[in-house]
Amino acid sequence: MRVSNNLSLVLLAAGVTAQSVEPETGKLGDATIVSNNPVGVVYKAVLPAEAWFKPAYPDGGNIEGEVTAVAAESGEGVVYTYKLSNLPKEGGPFPYHLHVAPVPADGNCTVTLAHLDPFIRGENTSCNPFAPQTCQVGDLSGKFGEIRPEEDGTWETTYTDLYSSTLEGLGSFFGNRSIVFHYPNKTRISCANFEKVEGGVSSSVTVLPTVTGNGSYTILPTGGVSTTTGGGPSTTSDAGAGTETTTSPPLSGAAGLRGSAVGALVVGAVVMFML
């Protein structure tokens, strides 16, 4: 297993060398280092038994394994650990990214929308891994190298991404989102949702996005979603399905409970006044 917190060493191990690609800053600036991730919170994404893109596994099956993500001990960044096997024998190396929306019950990877990109960088220009703050937050393979399986079809690695968040409410929070594995031509092979497995019961409530034929969305650094319809600007996912629209991000359970409590108090006050 490749294990390193040094970005240059990770990139060299993954076969990535310095690029001539000029770093591209997002419309809202470069990604910011997340330094207040809650320590001890662990999220895990487990790949399903069947691939979404069936031609990748004509006899059935899928990439096997899981991705574990936990806040670094200092709270700065997130440590990702990958333990994968049965990767496709051909077609690599394989990119992978954090995507905006969760995977629905039917396992359709194409409705996970675009890469997690709270600083509105876009993906027309390739990520320069030697300037990771200028890359999309969700472009993990762009920052740390694509998957190059061993001869036996396995791939294991660990690295720390300073721009990911396990703190709910931030645009870089991925705990209610998904990870998607691709072919180089962007065809989505398989995908899985992250779920909290340690650090207390998850307080997030997943709200599936609304997908329409005309509209756009922007995931804001604060975790909000700006939606545009009609003639406004649009954002296109790499699924090739045109522009898509998401709902606002889910309220945390605590916020939802506070809202419910306030509503109950207001109703109670009205009843008492009437009496």
Where do Asp161 and Lys143 come nearest, in terms of heavy atoms and distance? OD1-NZ, 3.0 Å
Look at the side chain of His99 and the backbone N and O of Leu113, then say whether any donor-acceptor pair between them is shorter than 3.5 Å. yes
Test your reading of the model: is there a side-chain donor-acceptor pair from Ser178 to the backbone of Pro102, 3.5 Å cut-off? no
For the ring pair Tyr80 and Phe144, is the centre-to-centre distance below 6.0 Å? no
Is the ring centre of Phe181 less than 6.0 Å from the ring centre of Phe94? no
Minimum heavy-atom distance Lys54-Glu50, with the two atoms named: NZ-CB, 3.6 Å
Please round to the nearest 0.5 Å and tell me the distance separating atom OH of Tyr163 and atom CG of Asp30. 8.0 Å
Please find the pair of heavy atoms, one from Val180 and one from Thr112, that lie closest to each other, and give the distance. CG2-OG1, 3.6 Å
Would you say the side-chain atoms of Tyr57 pair up with the backbone N or O of Asn86, donor to acceptor, closer than 3.5 Å? yes
Quick one, Ile147 and Pro93 - any side-chain contact, counting heavy atoms below 4.5 Å? no
What heavy-atom pair brings Ala71 and Asn37 nearest, and what distance separates the two atoms? CB-CB, 3.6 Å
Is the shortest heavy-atom distance from the side chain of Val79 to the side chain of Thr158 under 4.5 Å? yes
Only one of Asn128, Thr125, Thr134 clears side chain to side chain donor-acceptor pair (under 3.5 Å) with Glu24; which? Thr125
With sequence neighbours left out, the residues meeting ring-ring contact (aromatic ring centres under 6.0 Å, His included) with Phe194 are Phe174
Whether the side chain of Arg177 engages the backbone of Phe173 through a donor-acceptor N/O pair (distance < 3.5 Å, no angle test) should be reported. yes
Can a salt bridge be assigned to the pair Lys83 and Glu64 using a cut-off of 4.0 Å between side-chain N and carboxylate O? no
Sub-4.5 Å side-chain heavy-atom contact between Thr25 and Phe119: no
